[in-house]
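Fair warning: this is a prediction, and the values are worked out from it, not measured in the lab. Each ligand, and each atom within it, is numbered from 1 in the order the structure gives.
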Amino acid sequence: MSNVRAAITGIEAYLPEYVLTNDELSTLVDTNDEWITSRVGINTRRILKEDGLGVSYMAEKAIEKLVKSKNLDPKEVDLVICATVTPDMVFPATANIISDKCGFINAWGFDLNAGCSGFIFSFETVRTFIESGRYKKAILVTGERLSSVTDYTDRQTCTLFGDGAVAMLIEPTSDMNLGLLDSILHVDGIGRKFLYQPAGGSSHPANTDTVNKHMHFIKQDGKTVFRYAVSRMADVSVELMEKHNLSAGDIAYLVPHQANLRIIKATGSRMGLTDDKILVNIEKYGNVGGTSIPLVLCEFKDKFKKGDTLVFTAFGAGFTWGAELYRWAI
Ligand code: UT7
């Protein structure tokens, strides 16, 4: 049994400047603002436009802010985990590139690919390192350049995704009532047919055929993913509440993955939460994959009080899904 918990002690975000509006999208495909806002809840998303820049660029910008706000010596960082499905390149890991750019010369680390569950899966991973007692200052960075794998000729997917990165400092706390208290996480490979990027890996390496067939872009059977997401996120969040004897009144805020406002509302409602306890920023940033939950945490951090009970829940490609019980520690 560990005598420490893993706590987020600093969090900063970077969002690219370019704002992609529903009106601009309606010049690219047959869509409109009314459909997107009523079916999904998105008004705008941020897009990293510049060629040659990837997740490590946005991660570096977020980490620069974190280093400054925490007065952190990069040499003290001992672990770097980057959750992403849009790494700078297939290898080396984006965590390596970030470590080099940010001067984490005493750290080791790796990338973690869990689709839109990237944050909750990587936080559970960091937790085990911190609770082992061997690691004291971990950087957990989530970043996606989903615009790089979005097909702007496909109206089923191109309205959904955005770019951004969030950097978190994770440290041990000896207060056992704070930090990451529990996680319930799942994978089910049945989902691989419904949300995926077909080419670019070893089964379909890049060639002119894969490019011509748009196989390097996100493919999603939206209806099927919607059905699974609604039931799995709600079920696992309720399971977490029951396991810890929590009623809706015990939860300060639900911090859900931001894929669709209707999924978010359905999850909150199954948990018995009123709208004021369900944190949302999908209207501004769209679906930023595993970066969505940290983006919400960063945006609302001044609202949280030390000891506030938060529930994180996500669903993503794989399928991957889960829920986490967290007590705000700063
Ligand atoms: O983050 C990882 C997990 N991902 C998710 O959780 C996403 C889950 N899925 C969803 O959020 C929703 O399924 C979508 C937002 C992707 C789609 O919404 P929907 O309400 O499920 O729409 P649909 O796919 O059932 O399509 C309804 C209609 C269709 O037209 P018909 O066949 O009824 O004539 C589509 O062709 O809406 C049409 N449609 C559009 N119309 C205007 C689909 N996309 C668009 C569009 N603009 N962009």
Side-chain angles (χ1 to χ4, degrees), residues 20-45 83-86 113-121 142-147 149-164 185-197 217-237 254-268 270 278 280-283 285-296 312-323:
L20 178 58
T21 63
N22 291 346
D23 286 343
E24 184 177 347
L25 282 164
S26 62
T27 67
L28 305 175
V29 290
D30 180 15
T31 190
N32 55 73
D33 181 58
E34 202 281 324
W35 190 95
I36 303 170
T37 48
S38 63
R39 293 282 185 138
V40 202
I42 303 173
N43 300 326
T44 56
R45 32 339 253 140
T84 186
V85 298
T86 49
N113 176 338
C116 297
S117 304
F119 167 68
I120 56 172
F121 276 39
T142 63
E144 295 297 358
R145 191 185 187 191
L146 291 172
S147 63
V149 289
T150 296
D151 184 348
Y152 288 99
T153 66
D154 173 16
R155 74 173 183 170
Q156 314 268 3
T157 53
C158 75
T159 61
L160 306 175
F161 302 107
D163 302 337
L185 304 176
H186 295 281
V187 296
D188 185 346
I190 194 174
R192 69 190 186 281
K193 303 187 283 273
F194 305 117
L195 176 52
Y196 64 119
Q197 182 187 325
F217 295 125
I218 297 168
K219 307 287 177 199
Q220 176 173 245
D221 174 345
K223 249 189 197 339
T224 304
V225 177
F226 186 96
R227 233 183 30 245
Y228 274 97
V230 166
S231 66
R232 297 296 190 266
M233 277 170 68
D235 287 351
V236 76
S237 301
L254 171 67
V255 188
H257 171 47
Q258 310 280 305
N260 187 315
L261 194 52
R262 290 181 291 146
I263 299 175
I264 293 170
K265 291 272 166 81
T267 305
R270 271 280 305 283
I278 305 170
V280 171
N281 64 7
I282 187 174
E283 73 284 0
Y285 309 124
N287 181 347
V288 195
T291 297
S292 282
I293 292 176
L295 261 186
V296 174
F312 308 146
T313 184
F315 184 89
F319 294 127
T320 55
W321 73 99

Are any side-chain N or O atoms of [X] and backbone N or O atoms of [Y], one a donor and one an acceptor, separated by less than 3.5 Å?
| X | Y | value |
| --- | --- | --- |
| R155 | D30 | yes |
| T313 | G322 | yes |
| Q258 | N281 | yes |
| S117 | I120 | no |

List the closest protein heavy-atom neighbour of [atom]: residue, atom name, distance to the nearest 0.1 Å.
| atom | value |
| --- | --- |
| atom 23 (P) of ligand 1 | K223 NZ, 4.1 Å |
| atom 30 (O) of ligand 1 | R155 NH2, 4.3 Å |
| atom 22 (O) of ligand 1 | R39 NH1, 3.6 Å |
| atom 9 (N) of ligand 1 | G222 O, 3.1 Å |
| atom 47 (N) of ligand 1 | T31 OG1, 2.7 Å |
| atom 7 (C) of ligand 1 | Q220 OE1, 3.5 Å |
| atom 24 (O) of ligand 1 | Q156 OE1, 4.0 Å |

| Location of contacts on I263 toward ligand 1, heavy atoms closer than 4.0 Å |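 It is the side chain that touches ligand 1; the backbone stays farther off.
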Structural part of V29 in contact with ligand 1, heavy atom criterion under 4.0 angstrom:
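For V29, no heavy atom sits under 4.0 Å from ligand 1.
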Proximal ligand 1 atoms for [X], defined as those under 4.0 Å from one of its heavy atoms:
| X | value |
| --- | --- |
| C116 | 1 (O), 2 (C) |
| T159 | 48 (N) |
| V40 | 15 (C) |
| H257 | 1 (O), 2 (C) |
| A259 | 1 (O), 5 (C), 6 (O) |
| F315 | 2 (C), 3 (C) |

Checklist line | Sub-4.0 Å protein heavy atom next to atom 41 (N) of ligand 1 | finding: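 Protein heavy atoms within 4.0 Å of atom 41 (N) of ligand 1 - there is at least one.
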Protein non-hydrogen atom found under 4.0 Å from atom 33 (O) of ligand 1: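 Protein heavy atoms within 4.0 Å of atom 33 (O) of ligand 1 - there are none.
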Roughly how far apart are [X] [atom1] and [Y] [atom2], rounded to 0.5 Å?
| X | Y | atom1 | atom2 | value |
| --- | --- | --- | --- | --- |
| E144 | T86 | CD | OG1 | 4.0 Å |
| N32 | T37 | CG | OG1 | 8.0 Å |
| Y152 | F161 | OH | CZ | 9.5 Å |
| F119 | F312 | CZ | CZ | 4.5 Å |
| D163 | T150 | CG | OG1 | 7.5 Å |

Q: Kindly confirm or rule out an N or O of A317 lying under 3.5 angstrom from an N or O of ligand 1.
A: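 By distance alone, the answer is no.
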With [atom] as the reference point, say which of [options] has the nearest heavy atom.
| atom | options | value |
| --- | --- | --- |
| atom 17 (C) of ligand 1 | F226, F194, W35 | W35 |
| atom 11 (O) of ligand 1 | N260, D30, D33 | N260 |
| atom 5 (C) of ligand 1 | T224, V225, D221, I36 | V225 |

Mind checking whether [X] and [Y] have side chains closer than 4.5 Å, heavy atoms only?
| X | Y | answer |
| --- | --- | --- |
| I263 | T267 | yes |
| L160 | Q220 | yes |
| Q156 | K219 | no |

> What orientation do F315 and W321 show, parallel under 30°, tilted 30 to 60°, or perpendicular over 60°?
Replying inline: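 Rings of F315 and W321: tilted, 30 to 60°.
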